[in-house]
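What follows is one structure encoded as structure tokens, with my remarks underneath.
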2 protein chains.
Amino acid sequence: MRNSVRELRETAGLSQAGLAAELGVSRQTVNSIETGRYDPSLPLAIAIARRFTTTVEEIFHVD
Amino acid sequence: MRNSVRELRETAGLSQAGLAAELGVSRQTVNSIETGRYDPSLPLAIAIARRFTTTVEEIFHVD
DNA sequence: CGCCGATGTCAAGCATCCTTGTCATGTCAA
DNA sequence: TTGACATGACAAGGATGCTTGACATCGGCG
């Protein structure tokens, strides 16, 4: 599962910690998603998509 | 987290077991998602959306 | 140099997702 | 009535998501 969270976050000028705070999760969670350690839960994926005013399918692609 | 999986499945004339087979998960998983026991994982949510040619956001709504 | 913000990663623990197996109920057709 | 199918639900266990806490590295800046 590839995702474009890092690109979106950097474009928005946010740090991992900053985005994590906005999403209400830990910095390690954002880092783990960006580095592909694991996929976010569905509610978190939707929250990420909403944060960047886009859709889940735009951000997360099945391999 | 509300979802419209049951409506989509019934409109498609599928049983829970039939949909589960198409998605590669157990019947109990489909049942649990429909009855709101828990949310699907992100990859499963995407697979469900694709099965019904719609989007994750169309099917799953945060409360 | 010393400090700080940002990132990567690990470990341990808890929560959630998904499994197989099982049992109960309801409905419909033979 | 009997049997097959569909659904709802529970238990136990494995897999995954998320947490806090910690430690290391790197780059920029005083």
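First the proteins, then the strands, lettered A, B, ... as listed; each starts at 1. Heavy atoms only: backbone and side chains are in, while hydrogens, waters and symmetry mates are out.
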For the pair A:I48 and A:L8, evaluate side chain to side chain contact (heavy atoms under 4.5 Å, CB included) and give the outcome as yes or no after the intermediate values.
CA-CA 10 Å; A:I48 293 170; A:L8 290 165; 5.7 Å; no
message: Is B:N31 close enough to D:dG8 that one of its side-chain N or O atoms is under 4.0 Å from OP1 or OP2 there?
response: yes
Criterion side chain to side chain contact (heavy atoms under 4.5 Å, CB included) on A:V30 and A:V25, from CA distance to verdict = CA-CA 8 Å; A:V30 170; A:V25 296; 4.1 Å; yes
From CD of A:E34 across to C1' of D:dG17 the rounded distance in Å is 16 Å
Taken to the nearest whole Å, CG/A:L14 to C1'/C:dG5 is 15 Å
*asked:* Please check this pair: side chain of B:N31 against backbone of B:Q16, looking for a donor-acceptor N/O pair closer than 3.5 Å.
replied: no
So the salt bridge (Lys or Arg N to Asp or Glu O under 4.0 Å) pairs with at least one residue in residues 51-63 of chain B (sequence neighbours excluded) are B:E22-B:R51
The contact string for nucleotides 18-30 of chain C, one letter per nucleotide 5' to 3', using protein heavy atoms under 4.0 Å with B, S and - for base, sugar-phosphate only and none, comes out as BBBBB--------
Assign each of B:P43 and B:R37 the nucleotide of DNA chain D bearing its closest heavy atom; nearer the 5' end lies the nucleotide of B:R37
Among C:dA6, C:dC10, D:dT7, the one nearest any side-chain atom of B:S15 is D:dT7
Query raised in the report: With distance as the sole test, does A:R2 use its side chain to make a donor-acceptor pair with the main-chain N or O of A:H61 at under 3.5 Å?
Result: no
Would you say A:P43 and B:V62 make side-chain contact, with heavy atoms under 4.5 Å?
-> no
### Message
Please evaluate residues A:Y38 and A:T29 with respect to the criterion side chain to side chain contact (heavy atoms under 4.5 Å, CB included), reporting the C-alpha separation (whole Å), side-chain torsions for both, the decisive distance (0.1 Å), and the verdict.
### Response
CA-CA 9 Å; A:Y38 51 72; A:T29 293; 3.9 Å; yes
On a heavy-atom basis, the closest approach of A:S15 and A:G18 is OG-N, 2.9 Å
Checking N1-N3 plus N6-O4 or O6-N4 for Watson-Crick, or N1-O2 and O6-N3 for wobble, each under 3.5 Å, the partner of C:dC10 is D:dG21
| query | Does a nitrogen or oxygen in the side chain of A:R6 sit under 4.0 Å from OP1 or OP2 of C:dG8? | reply | yes
Separation of D:dT7 atom P from B:L19 atom CG, nearest Å, is 10 Å
Its contact letters, B for base, S for sugar-phosphate only and - for none at protein heavy atoms under 4.0 Å, make nucleotides 25-30 of chain D read ------
Treating A:N3 as the side-chain partner and A:I33 as the backbone partner, does any N or O pair qualify as donor plus acceptor under 3.5 Å?
yes
